[in-house]
Amino acid sequence: QARDGHQPEFGQAAYEVLESLEPALARRPEYLRSGVLERLCEPERQIIFRVPWIDDAGAVKVNRGFRVEFNSALGPYKGGLRFHPSVNIGVIKFLGFEQIFKNALTGLPLGGGKGGSDFDPKGRSDAEIMRFCQSFMTELHRHLGEHTDVPAGDIGVGRREIGYLFGQYKRITNRYESGVLTGKGLDWGGSQVRTEATGYGTVYFVEQMLRARGDRFDGRRVVVSGAGNVAIHAARKAEELGATVVAMSDSEGYVVDEAGIDVEAVQELKEVRAGRIKEYAEGHDRAEFVEAGSIWDVPCAIALPCATQNELDDEAALALVRNGVVAVGEGANMPTTPAAVKIFLDAGVAFGPGKAANAGGVATSGLEMQQNASRDSWSFEDTDARLSKIMADIHNGCRATAEDHGAPGNLVLGANVAGFTRVADTMLDLGVI
Ligand code: NDP
């Protein structure tokens with residue numbers, strides 16, 4: 001850490017993983033002798049670049065672009081791009097670090113990376129977004145390739161942005177290299193279920209956690225934070241399984257609807273009208289918009305944090321436990337603070353950490369790459385069935401690993417040790433590189 005200055009999110013993510021590896025390191029001292037931990041914590045390559053672009057008023061703007069190519073032991077670097085004003089190198093390093101283990105858990109041949117920019121897409125016109133994406137890719141393209149580094153979406157980067165990025169990549173390289181980006185549109189190399197995959201996958205994972213304790217979604221109250229890609233599809237799948245989603249949010253506040261949120265209406269509001277969650281309450285009499293306060297004060301049996309890092313702290317965890325929460329599944333990356341995770345584990349709440357619970361997105365990106373490589377496209381049902389099986393396998397693998405290392409039911413430990421073991425064993429095989 002000392003050589004990098006202040007990178008609190010990366011420090012938090014690295015500490016959380018390293019702390020839970022103790023039982024694995026005790027069993028396999030060669031991990032320590034071979035410097036695997038030191039090598040894992042140092043990205044293979046970090047790229048920081050200028051992104052100049054011109055806004056609609058003709059003014060020149062300059063943002064900063066990032067790509068951290070963290071670890072390629074298992075395959076090409078793979079991980080999303082985030083466009084949000086809070087992005088800096090420490091945030092991208094935390095996300096890239098998590099991505100290494102998440103990708104390992106999917107069982108697919110994917111290394112770990114992450115990227116993005118401090119560009120704020122909010123309020124920008126479509127033409128501004130396009131010019132920004134083109135400038136971003138003009139620099140980034142030289143580092144990418146279907147066998148080298150394959151970005152996807154994240155906060156602020158969806159199908160539209162992936163389209164502009166792919167268009168510029170194709171234009172600069174003069175190659176129709178479908179496998180260089182995932183999250184593409186269905187007409188140009190995208191996969192069925194990729195849009196839904198992270199949210200659906202989180203719910204499939206939580207379904208497994210509930211099943212392990214004889215419980216299920218049907219008839220349960222669910223709170224989902226966020227109203228973006230992950231939140232909307234997690235809420236839709238939870239609804240489909242018979243649960244009632246009683247609250248959703250965005251960065252301005254949350255809406256509560258005791259009779260159940262109309263998730264389709266939220267999706268239309270966010271995806272078609274680019275509206276704010278408070279507008280939902282304006283069109284639904286029973287719903288109430290709460291501007292200040294915590295969404296985690298709304299009583300529920302199942303909590304799905306699907307917005308951003310550190311959005312669920314110890315106070316929120318205590319409120320959830322007091323209100324009888326039985327399961328928490330992280331749709332977002334590291335949304336739960338370490339103190340809050342401890343509260344859930346101590347209280348016997350089933351807790352699904354993001355690197356396992358939200359791995360469905362990258363897993364389906366892996367399936368998109370497989371389809372691109374074979375110039376094939378699979379049906380929605382086939383792809384969804386594969387996603388569901390991958391999530392069940394990840395859950396069972398984490399559970400078995402936790403048990404094997406003397407921590408039954410602790411899926412945080414199970415995910416960290418299982419992901420680490422696959423990457424570390426490969427790094428040992430490949431030598432000191
Ligand atoms: P979106 O941009 O589609 O949605 C993000 C949502 O979170 C929005 O409702 C946004 O509200 C809210 N949000 C973002 N930042 C903040 C903040 N600082 N405070 C409060 N709310 C905030 O992103 P995604 O749904 O794709 O991503 C959500 C989370 O899931 C992230 O942690 C991401 O890393 C993770 N993830 C995403 C995957 C994917 O496939 N997309 C894969 C795996 C993990 P507002 O509009 O007001 O900003």
Side-chain angles (χ1 to χ4, degrees), residues 9 13 78-87 91-92 94-99 101-103 105-106 110 112 114-116 118-123 151-162 181-183 190-191 193-202 205 224-236 247-255 266-267 269-271 273-280 291 294-296 304-313 316 329-336 352-366 368 387 391:
E9 293 88 358
K78 183 86 197 88
L81 298 172
R82 176 177 293 191
F83 293 169
H84 193 272
S86 64
V87 163
V91 167
I92 298 298
F94 123 63
L95 291 164
F97 187 74
E98 288 281 294
Q99 198 81 44
F101 307 103
K102 178 188 308 193
N103 294 2
L105 287 173
T106 66
L110 304 170
K114 199 82 187 190
D118 57 3
F119 171 70
D120 187 357
K122 251 185 224 137
D154 192 78
I155 292 178
V157 179
R159 204 191 71 101
R160 174 182 59 165
E161 291 74 19
I162 294 294
L181 284 167
T182 58
S191 172
V193 195
R194 177 60 190 91
T195 308
E196 297 84 356
T198 307
Y200 277 22
T202 300
F205 190 92
V224 181
S225 66
N229 171 277
V230 179
I232 284 170
H233 294 102
R236 290 209 71 154
M248 292 184 76
S249 63
D250 62 20
S251 56
E252 290 176 358
Y254 64 92
V255 283
V266 173
Q267 185 167 9
L269 170 70
K270 284 286 175 183
E271 291 178 3
R273 289 189 278 142
R276 309 301 304 162
I277 200 80
K278 67 178 167 214
E279 294 166 42
Y280 176 88
E291 191 169 356
S294 162
I295 190 173
W296 309 117
L304 303 177
C306 294
T308 194
Q309 63 265 17
N310 293 327
E311 52 161 313
L312 198 170
D313 62 10
E330 292 188 322
N333 283 311
M334 206 170 75
T336 316
K355 64 171 75 65
N358 72 34
V362 73
T364 309
S365 278
E368 184 172 333
L387 168 65
M391 297 315 295

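Computed from a predicted structure; not experimentally measured. Numbering of ligands and ligand atoms starts at 1, following listing order. Index from 1, following the sequence.
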Do me a favour and list the nearest non-hydrogen protein atom to [atom] with residue, atom name and distance?
atom: atom 16 (C) of ligand 1; result: T308 CG2, 3.6 Å
atom: atom 15 (N) of ligand 1; result: H84 NE2, 3.6 Å
atom: atom 13 (N) of ligand 1; result: A307 CB, 4.2 Å
atom: atom 40 (O) of ligand 1; result: T198 OG1, 2.7 Å
atom: atom 2 (O) of ligand 1; result: G156 N, 3.0 Å
atom: atom 4 (O) of ligand 1; result: G228 CA, 3.2 Å
atom: atom 24 (P) of ligand 1; result: V230 CG2, 3.8 Å
atom: atom 3 (O) of ligand 1; result: N229 N, 2.9 Å

Single hit among I277, V266, D250 for side-chain contact (heavy atoms from CB on, under 4.5 Å) with V255: I277

Positive for side-chain contact (heavy atoms from CB on, under 4.5 Å) with K114, one of I92, V87, L81: I92

Heavy atoms only: which of [options] lies closest to [atom]?
atom: atom 20 (C) of ligand 1; options: S251, G116, A359, P121; result: S251
atom: atom 23 (O) of ligand 1; options: V91, N333, I155; result: I155
atom: atom 33 (C) of ligand 1; options: T202, L95, T364, D154; result: D154

Exercise check, heavy-atom protein proximity under 4.0 Å to atom 43 (C) of ligand 1: yes

Donor-acceptor under 3.5 Å ([X] side chain, [Y] main chain):
X: E368; Y: G183; value: yes
X: E330; Y: T336; value: yes
X: S249; Y: G226; value: yes

Please verify whether a non-hydrogen atom of [X] lies at under 4.0 Å from ligand 1.
X: A227; answer: yes
X: Q309; answer: no
X: R276; answer: yes
X: R82; answer: yes

Nearest-0.5 Å distance that lies between atom CE in M334 and atom CG in N358: 12.0 Å

Separation between CG of D118 and CZ of R82, rounded to the nearest 0.5 Å: 13.0 Å

Element-labelled atoms of ligand 1 that are located less than 4.0 Å from some non-hydrogen atom of C306: 28 (C), 29 (C)

R194: numbered ligand 1 atoms lying under 4.0 Å from its heavy atoms: 40 (O)

Check: R276 and K270 side chains under 4.5 Å, non-hydrogen atoms: yes

R273 vs E279 side-chain heavy atoms within contact, under 4.5 Å: yes

Sole residue of Q309, E9, K102 in side chain to side chain donor-acceptor pair (under 3.5 Å) with N333: K102

